[in-house]
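Each ligand, and each atom within it, is numbered from 1 in the order the structure gives. Model, not experiment: these values are computed from the prediction.
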Amino acid sequence: MVKAQTVIQRFEEFCPQWLSMEDDISGLQVGSLDKEIKNVMVTLDIRPQVVAEAIEKKVDLIITKHAPLFRPVQMITDQDVQTKMAMDLIRHDIAVYVAHTNMDIVDGGLNDWFMEALAVPVTGYLSETHRFPMMKLAVFVPTEEAKALREVLGKAGAGVQGNYQHTSFSTTGTGRFIPVKGAQPAIGKIDEATTVQETKIEVIFPEPLKEKIVKAMVAAHPYEEVAYDLYELKNAPQTFGIGRIGELPTAISIDDFIERSKKAFGLAEIKVVFPTKTKQLIKKIAICGGSGGNFYKDALRLGADVYITGDVYYHTAHDMQSAGLTVLDPGHYIETLCKEKIVALLKSWQIENNWELEAFPSAVSTNPFTYR
Ligand SMILES: [Zn+2]
């Protein structure tokens, strides 16, 4: 059996909570992760039908994009849909874990999956949300332990540079110390000057990983007192953003692209905002799945020919039209794509780690809209 926190830990290596937007609900919202689990269900929303499905399918953990509790709670009763769902989940020991905007922002996340479905190669993000300074860790370790420690640091996420992982630099030198009364030295004796051949390992990482990396390093290091330097770098910071911009290899007609979008999102129709002078041939596509009306100026700034986003507000649509931007609104529910994508990831981690785990998408449609 595998613990819920082990599965979530792996999930957060892919999609960390520190990539969430400010004031966003993310992480464990209901129940406990300190329990063994068998069935994990992935959903876009938690509605009463989804709770009923989870109970029926004996689900232990739900991973959802949208939090079930998103309005302030004053009473927990069965009179209110929101809190009744929480009560039912708790009664059946079903934990709920939320990954919201971090799933939109993370590299290889939801907006990348949309672009992949549209066959548009991604060139960057739409709007910057996070900027983290890079840090360097230099740690001194007995040379024979250096390889193992490099491995631990790499696994904790240190040394990622573009498409390269586990990058590091090592130099060998001499470490000197005198253990005094009270010390329990791994090498050397009390009051004896000791000399050890040590390796200095240097790795870089973005600031949010600092705690995790230092903790992993200290736990794996043989010394009682670990000697290390930690400093902020003046190198370019690591940035992340919401939405994506991409470019088709060759320009296509707007009509063809609309057809392509309907197919990619499984829609019979799609809402379109056409400006007075609509570009007939398009190449640059911007997207922000969910509700990204506010980011349309970023799409304009980046020179997008078409912007795809859901929940476009009537007056914002007028602004988009006046600004000369063609906008496709496929609705918020296209985010349901995250279900199968996260299930596929869970299954790959399950195989990798030999977990006894069943991961499946919720079979319930939570789209409140029907088209006739
Ligand atoms: Zn959403």
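- The Zn ion (ligand 1) has no N, O or S atom of D104 under 2.8 Å away, backbone or side chain.
- The nearest N/O/S atom of E335 to the Zn ion (ligand 1) is OE1.
- Counting only residues at least two apart or on different chains, the ring pair (Phe, Tyr, Trp, His ring centres under 6.0 Å) pairs with a member in residues 318-351 are H66-H332, Y314-H318.
- Listed by first and then second residue, the ring pair (Phe, Tyr, Trp, His ring centres under 6.0 Å) pairs involving residues 109-138 are W18-F132, F114-F265, H130-F132 (not counting sequence neighbours).
- Comment: D60 does not engage K35 in a salt bridge, judged by the lack of any side-chain N to carboxylate O separation of less than 4.0 angstrom.
- For the Zn ion (ligand 1), the N/O/S atoms of H100 include none lying under 2.8 Å.
- We find that E356 and K38 are not joined by a salt bridge, their nearest charged nitrogen and carboxylate oxygen being 4.0 Å or further apart.
- Vertex the Zn ion (ligand 1), arms ending at NE2 of H332 and NE2 of H66: the angle is 100° after rounding to 10 degrees.
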